[in-house]
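Let me begin by presenting the structure, written as structure tokens, before commenting on it.
No hydrogens, no waters, no symmetry mates; every other heavy atom, side chains included, goes into these values. In this chain, numbering begins with 1 at the start of the sequence shown. Both ligands and their constituent atoms are indexed starting at 1 by order of listing.
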Amino acid sequence: MNVFLAVLAFVVAFVAMEPITALVHRGVMHGFGWGWHRDHHNPRTRGIERNDRFPLVFAALAFAIMLVGAMVSSLWWLIAVGAGITAYGASYAIVHELAIHRRLGPLRPRGRWMTYLADRHAMHHQTNGAPYGMLWPVLARSSTPRTNAQ
Ligand SMILES: [Zn+2]
Ligand SMILES: [Zn+2]
């Protein structure tokens, strides 16, 4: 095992998860997975959401990736990839579930960056459109609201 490669695999997996998550959110959750995601966009939902099945699926995928890494010696670095995916999932849970949707009430991280992320995520909840990302919620030019000025 090479420590440098392990750290690299971890960081690349973590960073890659943001655009992957944005694409999955747009294509799956707001596509054929809408049946699970709908209640997250319903403001009256309390407690466990159907949408909470998604993180279970993603955790199972990360576990499967790590399992392959543990069984195939030449693919050991997949353990670091799975750890990077898991770290991203934990960050997502802290930002989205705790800070933005306050699902554990007083356990609520705050700060200017969290406020920025919460504002951007509120746009998604208002429009069901962009931004679909969470830690780096980029807006495509075409997704900014049009004004009647032009
Ligand atoms: Zn949300
Ligand atoms: Zn959504």
Side-chain angles (χ1 to χ4, degrees), residues 6-70 75 77-150:
V7 172
L8 186 69
F10 178 92
V11 171
V12 167
F14 186 96
V15 172
M17 277 302 288
E18 174 66 20
I20 290 170
T21 299
L23 286 174
V24 169
H25 187 183
R26 189 176 71 184
V28 176
M29 291 158 183
H30 286 267
F32 66 84
W34 179 241
W36 285 9
H37 192 53
R38 183 193 288 118
D39 71 348
H40 180 64
H41 281 269
N42 179 350
R44 286 168 300 180
T45 306
R46 292 281 181 275
I48 301 295
E49 302 172 353
R50 285 176 137 227
N51 186 55
D52 292 329
R53 295 171 186 177
F54 282 114
L56 295 179
V57 172
F58 300 142
L61 284 173
F63 181 76
I65 287 171
M66 286 193 273
L67 204 59
V68 172
L75 297 179
W77 48 272
L78 282 178
I79 297 172
V81 168
I85 295 172
T86 303
Y88 179 86
S91 308
Y92 193 103
I94 290 168
V95 169
H96 183 251
E97 316 305 329
L98 300 188
I100 295 178
H101 291 297
R102 304 169 183 179
R103 293 181 73 184
L104 286 183
L107 267 179
R108 187 198 325 167
R110 270 174 284 195
R112 285 177 62 187
W113 186 60
M114 286 295 182
T115 305
Y116 162 75
L117 293 179
D119 287 349
R120 279 289 167 98
H121 190 62
M123 287 178 69
H124 173 65
H125 274 273
Q126 280 159 14
T127 64
N128 280 11
Y132 295 95
M134 181 55 57
L135 304 186
W136 188 23
V138 284
L139 283 171
R141 254 167 167 258
S142 59
S143 65
T144 49
R146 286 169 181 270
T147 65
N148 295 322
Q150 295 124 342

message: Rounding to 10°, state the angle centred on the Zn ion (ligand 2) that links NE2 in His37 with NE2 in His25.
response: 90°

query: Any idea which N/O/S atom from His30 gets closest to the Zn ion (ligand 2)?
result: NE2

Counterpart residues, salt bridge (Lys or Arg N to Asp or Glu O under 4.0 Å), relative to Arg120 (two or more places apart): none

message: Would you call the rings of His96 and His40 parallel, tilted or perpendicular, taking 30° and 60° as the class edges?
response: tilted

Ring geometry between His41 and His37 (parallel below 30°, tilted from 30 to 60°, perpendicular above 60°): perpendicular

Find out whether [X] and [Y] are in side-chain contact, i.e. whether some heavy atom of one side chain is under 4.5 Å from a heavy atom of the other.
| X | Y | value |
| --- | --- | --- |
| Tyr132 | His30 | yes |
| Pro131 | Trp136 | no |
| Arg110 | Thr115 | no |

message: Listing by chain and number, which protein N, O or S atoms are under 2.8 Å from the Zn ion (ligand 1)?
response: His40 NE2, His96 NE2, His101 NE2, His121 NE2, His125 NE2

field: Phe63, CZ atom: more than 12 neighbouring heavy atoms under 6.0 Å
entry: no

